[in-house]
Engineer: 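Handing you a structure now.
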Amino acid sequence: MYIGSTDSRGLHHLVYEVVDNAIDEALAGHCDRIEVTLHGDGSVSVSDNGRGIPVDTHEKYDRPALEVIMTVLHAGGKFDNKSYQVSGGLHGVGVSVVNALSRRLDVEIQRDGAVWRDRFEYGEPQEGTFERVRDLEADEDTGTTVRFWPDTDIFETDVFEFDTLETRLRELAFLNSEVEIRLVEEPRDDGTDGSESEADADDVEADDAGRRERSFRYDGGIREFARYLNETKTVLHDDVIYYADSADDIRIEVALQATEELQGSIHAFANNINTREGGTHLTGFKTALTRVINDYAREESLLADFDSLTGAD
Ligand code: 1YM
């Protein structure tokens, strides 16, 4: 869980926390569609077609599990190894923080054969708002929708930037192949165009009604990410080198493509988070790459007068 600040960065982290829960549901193999909508009234909703947040009674708290998840810090983690199987032990930990930082938050859940709703204000459950709305139709998906109105007394801005969200959601789509992630922006109720940033040449155009929409799904995963990052570069081989393995419940993936550029670029992630500061995964990768190239060069007698090549080479 990380919000970090009350500026625009922190505001956008509210969205990422809710999206992370939907991504966890996708990682658990139960969801393949996530939609983020920027509404005209300044609220944001995130929906997924997963199993739906549990709505039964939480034994320890004797309250609906949904309310516990929405109001107790780290409640998601505390469900670990009990009634619910929690991916990575972190499922749902951030959403209570988003709730606490929102003047209003609505949840709608399709689960256990019904549609359920609940509503919170400033993180607090509201009397009598948890309700079973209706039966779920046979052709309806299960899933969760969380819509929140950020507390504008806490955040310095309430403007969500389409481009910022687009960049992160595209990245998540590359990192989580076969999950479709859509971003929709509805026209602002106050008639402004919302965005505070300058328009870029590749900006998504709004339609006549002022609605913008982008959708991402990359079945090739990080192979397509490498291709995307090298789109404007001259590549030395068309096929992206790809490697995946796992051990002790840890999955690793690597995608590589050489270009004419002397200065390479490495994008490293752990659990969908860009690890800009590096880490053992990155150090291990660089060490292994240098070793593999040295072994090959030695075997093929390519090193001439050199003892070995270094990482910089
Ligand atoms: C738009 C945000 O929160 N989806 C979501 C959350 C959960 C589940 C499904 C879920 C998980 C599990 C079992 C499990 C959460 N579950 C929990 C807790 N989308 C969004 N979709 N059943 C449903 O991990 O075993 C917290 S969040 F705590 F119950 F596990």
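Indexing begins at 1, ligand by ligand and atom by atom, following the structure's order. What you see is a predicted model, and the numbers here were worked out from it, not measured in a lab. Quick note: residue numbers are just sequence positions, from 1.
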Engineer: Any idea which atoms of ligand 1 are less than 4.0 Å away from a heavy-atom of I69?
Structural biologist: 17 (C), 18 (C), 26 (C), 28 (F), 29 (F)

Engineer: Please check this pair: side chain of E67 against backbone of R63, looking for a donor-acceptor N/O pair closer than 3.5 Å.
Structural biologist: no

Engineer: Report the part of R111 in contact with ligand 1, treating N, CA, C, O as backbone and CB onward as side chain, heavy atoms under 4.0 Å; options are side chain, backbone, both, neither.
Structural biologist: side chain

Engineer: Please check if the number of heavy atoms outside K233 that lie under 6.0 Å from its NZ is greater than 12.
Structural biologist: yes

Engineer: Would you check whether A65 reaches within less than 4.0 Å of ligand 1, judged by its heavy atoms?
Structural biologist: no

Engineer: Which of the atoms of ligand 1 are close to V18, meaning less than 4.0 Å from one of its heavy atoms?
Structural biologist: 1 (C), 2 (C)

Engineer: Taking 4.0 angstrom as the limit, do R182 and E35 come out as a salt bridge?
Structural biologist: yes

Engineer: I'd like the name of whichever of N49, D48, V107 reaches closest to atom 20 (C) of ligand 1 through any heavy atom.
Structural biologist: D48

Engineer: Which atoms of ligand 1 are found less than 4.0 Å from any heavy atom of I53?
Structural biologist: 3 (O), 5 (C), 6 (C), 7 (C)

Engineer: Closer than 4.0 angstrom, basic N to acidic O: yes or no for R211 and E185?
Structural biologist: no

Engineer: Do R134 and E140 meet the salt-bridge criterion of a basic N to acidic O distance under 4.0 Å?
Structural biologist: yes

Engineer: Report yes if the distance between the aromatic ring centroids of Y218 and F225 is under 6.0 Å, otherwise no.
Structural biologist: no

Engineer: Applying a 4.0 Å heavy-atom criterion (strictly less than), which segment of I34 is in contact with ligand 1: side chain, backbone, both, or neither?
Structural biologist: neither

